[in-house]
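The structure appears right after this line, and notes come after that.
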Amino acid sequence: MFNLILFGPPGSGKGTQSEKLMARYGLKHLSTGDLLRHEISRQTALGLEAKNFMDKGQLVPDEVVIGMISSALDENPQAKGFLFDGFPRTSAQAEALDRLLDLKKASIGVMLALDVSEEELVKRLVKRGETSGRSDDNNEQVIRARIIEYRSKTAMVADYYQQFEKVVMVKGEGTIDEIFDALCAEIDKRI
Ligand code: AMP
């Protein structure tokens with residue numbers, strides 16, 4: 001089993017690259033943002049609770065997303081590996097993920113961290129807001145709040161994996177294919 005974390009701030013291209021990576025490597029894509037938006041569209045209690053945080057650009061409580069990931073792991077016993085996108089976003093989530101994978105005698109192979117300047121992030125997110133239909137993309141104040149959440153709570157997750165020498169930085173600017181090729185080169189060294 002090969003498990004990969006695609007890491008980076010909002011707007012760094014995790015969703016776009018995840019689609020391409022899962023097609024190439026046959027990994028099961030687990031995006032907590034997508035799972036939460038699915039809960040919102042079904043108007044579940046979990047979705048309604050999460051929406052309050054998401055609309056403000058804040059992180060949803062750890063226990064909510066950890067529970068969702070735990071269920072998703074259990075629901076996919078045949079997966080040849082998982083591609084985690086937008087998770088873990090706090091140190092507590094990273095520690096919980098290690099424990100959950102441990103139970104399945106698995107671990108994280110590598111964290112690929114997309115590096116994109118803040119100016120470029122805001123530009124991309126404002127542009128995405130014109131078409132994505134995501135309420136957290138079409139308000140610059142919410143976009144900035146998400147980047148602040150990233151800096152204060154999420155960036156340090158890379159340090160957690162760095163202690164196990166599992167982090168590789170990849171330039172997240174350039175064409176989609178250039179970035180994809182750089183990601184694939186790193187995965188191919190390890191798979
Ligand atoms: P994303 O689609 O990854 O940009 O996530 C959209 C929003 O969902 C974030 O701004 C958070 O409010 C919430 N979210 C997604 N993943 C997580 C996570 N791992 N932990 C906490 N909140 C999350």
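The first residue of the sequence shown is numbered 1, and numbering continues consecutively from there. All ligand and atom numbering here is 1-based and tracks the order in the structure. Here the structure is a predicted model, which means the values were calculated and not measured.
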Region of Val60 that comes within reach of ligand 1 [heavy atoms, distance under 4.0 Å]
both

Within the 3.5 Å criterion, strictly below it, is a donor on Asp55 or Ser135 matched to an acceptor on the partner's side chain?
yes

Looking at Arg42 and Glu39, is any side-chain nitrogen of the basic one under 4.0 Å from a carboxylate oxygen of the acidic one?
yes

Just need the protein heavy atom nearest to atom 12 (O) of ligand 1, so name the residue and atom and give the distance.
Gln58 O, 2.6 Å

Numbering the atoms of ligand 1 from 1, which are under 4.0 Å from a heavy atom of Arg37?
2 (O), 6 (C)

Using the rule side chain to side chain contact (heavy atoms under 4.5 Å, CB included), only one of Val110, Ile191, Leu4, Leu112 pairs with Glu186; which is it?
Leu112

Considering distance alone, does some N or O of Pro88 sit under 3.5 Å from an N or O of ligand 1?
no

Check each heavy atom of Thr90 against ligand 1 and say whether those closer than 4.0 Å belong to the side chain, the backbone, both or neither.
neither

What protein heavy atom is closest to atom 5 (O) of ligand 1, reported as residue, atom name and distance in Å?
Arg89 NH2, 3.5 Å

When you compare ligand 1 with Gly86, is there at least one nitrogen or oxygen pair between them that comes in under 3.5 angstrom?
yes

Is the Lys NZ or Arg CZ of Lys20 less than 6.0 Å from the centre of Phe180's six-membered ring, within 45° of the axis?
yes

Please give me the minimum heavy-atom distance between Ala92 and Asp62, naming the atom from each residue.
CB-OD2, 3.4 Å

Can you tell which part of Arg134 has a heavy atom less than 4.0 Å from ligand 1: side chain, backbone, both or neither?
side chain

Any nitrogen or oxygen of Gln93, side chain or backbone, less than 3.5 Å from one on ligand 1?
yes

Got more than 12 heavy atoms from elsewhere within 6.0 Å of NZ, Lys104?
yes

Quick one: which of Lys153, Arg146, Lys51, Met68 has a heavy atom closest to atom 10 (O) of ligand 1?
Arg146

Aromatic ring pairing Phe84/Phe87, orientation class (parallel under 30°, perpendicular over 60°, tilted between):
tilted

One thing to verify: whether Lys127 and Glu130 come together as a salt bridge, which I'm taking to mean a side-chain N less than 4.0 angstrom from a carboxylate O.
no

Quick one: look up the protein heavy atom nearest atom 14 (N) of ligand 1 and list residue, atom name and how far away it is.
Leu36 CD1, 3.5 Å

Main chain of Thr154, side chain of Arg89: is a donor-acceptor contact present, judged purely on distance under 3.5 Å?
no

Atom 16 (N) of ligand 1: which protein heavy atom is closest, and how many Å away?
Thr32 OG1, 2.8 Å

Ligand-residue contact atoms, ligand 1 with Met54, heavy atoms, under 4.0 Å
7 (C), 8 (O), 12 (O), 13 (C)

